[in-house]
Amino acid sequence: MTELHPTVEQAQALIDFERYDQALALLGRRVAEDPDDVRAWVKLGYCRFHTDGPKQALEAADEALEIAPEDYGALMLRAQAMTDDEGWLNVEPVLREAVRVAPHDSYARAMLADAVWRVALVRFALARGGGGKLTAADADRVSREAGDLAMEALRLGPEDIYAHEVAQRIASASGNETVSDQLDEAILRIDPTHFEAVARQTKKAAQARRA
């Protein structure tokens, strides 16, 4: 990994404390001094994401990718900015490239699973003319690639909360309650305060008491 310039290190310390405006000032000076500093562009992009919005973050990601087309950080910045700006329908190629560049990274694979799943559901709905309720069987059929990607993300990152969240959503939509519950239990083992998992387990316990 390329060593960070001291100015970029200072900016990262500010980012850690969410002092994005101050970090932006440092990073702006750094890219003016060295326009080929990929790490500075990526961190500048994340700062812009939090201060100015996804379009400005995309511009920074594109600057970084112009310098280093296979930079994982720049690819993930672009993917995250795209989902916030345009939604999930066009982000899959960027995420597939991120997975190719970093095949052992669980987060990129989980995000790809998320994108593939969302796109599959939209395409299924469009094919049916937008009518009718999506059944568990339908969801299971159209979610198989996404489910496989999510399981691989879990294998790569057994403590990755996001991978568990994506896998749980897919299992739940597909009517696989056993796997869904197991994933909720795993989420709560990693983060006992996880709001959605706590809510689901509380609802399930209440239903069991009423039965």
Side-chain angles (χ1 to χ4, degrees), residues 1-123 126 145-146 148-150 152-153 156-157 160-163 165-166 169:
M1 188 178 211
T2 305
E3 186 176 345
L4 291 180
H5 187 274
T7 300
V8 181
E9 287 186 332
Q10 293 173 34
Q12 181 59 60
L14 292 167
I15 291 169
D16 290 341
F17 287 98
E18 299 184 1
R19 293 161 66 178
Y20 300 115
D21 287 333
Q22 290 173 274
L24 267 174
L26 286 176
L27 293 165
R29 289 199 294 271
R30 175 59 188 157
V31 296
E33 174 186 274
D34 181 4
D36 291 332
D37 189 330
V38 175
R39 298 274 63 75
W41 278 114
V42 172
K43 292 185 187 299
L44 185 146
Y46 278 107
C47 288
R48 285 182 175 171
F49 185 87
H50 288 286
T51 57
D52 302 318
K55 289 188 185 299
Q56 286 70 28
L58 281 169
E59 291 174 3
D62 287 344
E63 291 284 354
L65 289 169
E66 185 70 24
I67 301 161
E70 296 188 341
D71 185 80
Y72 173 77
L75 288 165
M76 291 305 291
L77 170 62
R78 174 161 246 292
Q80 291 176 25
M82 284 179 71
T83 59
D84 202 72
D85 184 45
E86 307 168 4
W88 290 80
L89 293 182
N90 300 312
V91 75
E92 187 179 326
V94 179
L95 290 168
R96 289 195 183 278
E97 179 66 3
V99 167
R100 186 190 68 78
V101 168
H104 302 297
D105 183 80
S106 63
Y107 189 85
R109 202 170 293 264
M111 197 171 178
L112 176 60
D114 208 349
V116 167
W117 183 57
R118 292 168 188 259
V119 170
L121 295 180
V122 170
R123 287 175 177 163
L126 290 173
E145 182 187 2
D148 289 344
L149 287 165
E152 179 63 9
L156 293 168
D160 185 340
I161 280 282
Y162 178 49
E165 290 171 338
V166 174
R169 288 200 299 271

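The figures here come from the full heavy-atom set of this structure, side chains too, leaving out hydrogens, waters and symmetry mates. Residue numbers count from 1 along this sequence.
- Listed by chain and residue number, Tyr72, Leu75, Met76, Ala108 satisfy the side chain to side chain contact (heavy atoms under 4.5 Å, CB included) test with Ala98 (two or more places apart in sequence, or in another chain).
- Taking the ring-ring contact (aromatic ring centres under 6.0 Å, His included) definition, one finds that Tyr107 meets it with Tyr162, sequence neighbours left out.
- No side-chain heavy atom of Thr7 sits under 4.5 Å from any side-chain heavy atom of Arg29.
- Residues meeting the side chain to side chain donor-acceptor pair (under 3.5 Å) test with Arg19, sequence neighbours left out: Gln22.
- Scanning all heavy atoms of the two residues, the minimum distance from Ile15 to Ala23 falls at CG1-CB, 3.7 Å.
- Atom OG1 in Thr51 sits 12.5 Å away from atom CD in Glu18 (nearest 0.5 Å).
- Residues satisfying the side chain to side chain contact (heavy atoms under 4.5 Å, CB included) criterion with Ala64, sequence neighbours excluded, are Val38, Trp41, Val42, Ala74.
- Rounding to the nearest 0.5 Å places CG of Leu126 at 11.0 Å from CG of Leu121.
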Residues Asp84, Phe49; criterion side-chain contact (heavy atoms from CB on, under 4.5 Å); working and verdict: CA-CA 9 Å; Asp84 202 72; Phe49 185 87; 3.8 Å; yes

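- At least one side-chain heavy atom of Val8 sits less than 4.5 Å from a side-chain heavy atom of Lys43.
- The minimum heavy-atom distance between Ala40 and Leu27, with the atom names listed, is O-CD2, 3.9 Å.
- The two residues Leu24 and Cys47 come nearest to each other via the heavy atoms CG-CB, 3.5 Å.
- Not counting sequence neighbours, the partners of Arg118 by the side chain to side chain contact (heavy atoms under 4.5 Å, CB included) test are Trp88, Asp114, Arg169.
- Side-chain atoms of Val99 and Met111, non-hydrogen and from C-beta on, never get closer than 4.5 Å to each other.
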Stepwise side-chain contact (heavy atoms from CB on, under 4.5 Å) test for Arg109 and Val166: CA-CA 10 Å; Arg109 202 170 293 264; Val166 174; over 6 Å; no

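- The closest side-chain donor-acceptor pair between Asp16 and Gln12 falls under 3.5 angstrom.
- Between the CG atom of Leu65 and the CG atom of Asp71 there is a distance of 7.0 Å, given to the nearest 0.5 Å.
- Of the inter-residue distances, the one linking Leu26 atom CG with Gln10 atom CD reads 6.0 Å to the nearest 0.5 angstrom.
- Residues Asp62 and Arg78 share a closest heavy-atom pair of OD1-NE, 2.8 Å.
- The two residues Pro35 and Ile67 come nearest to each other via the heavy atoms O-CD1, 3.2 Å.
- In this structure, the side chain to side chain contact (heavy atoms under 4.5 Å, CB included) partners of Arg100, at least two apart in sequence or on a different chain, are Glu70, Glu97.
- Distance CG/Asp160 to CD/Glu165: 8.5 Å, rounded to 0.5 Å.
- The residue from Lys55, Arg48, His50 that alone fulfils the side-chain contact (heavy atoms from CB on, under 4.5 Å) condition with Asp52 is Arg48.
- Residues Arg123 and Glu145 are not paired through a salt bridge, judged by the lack of any N-O separation under 4.0 Å between the basic side chain and the carboxylate.
- Within 6.0 Å of atom CD in Glu9, more than 12 heavy atoms from other residues, nucleotides or ligands are found, so the atom counts as buried in its surroundings.
- Scanning both residues, Ala81 and Ala57, for their nearest heavy atoms gives CB-CB, 4.0 Å.
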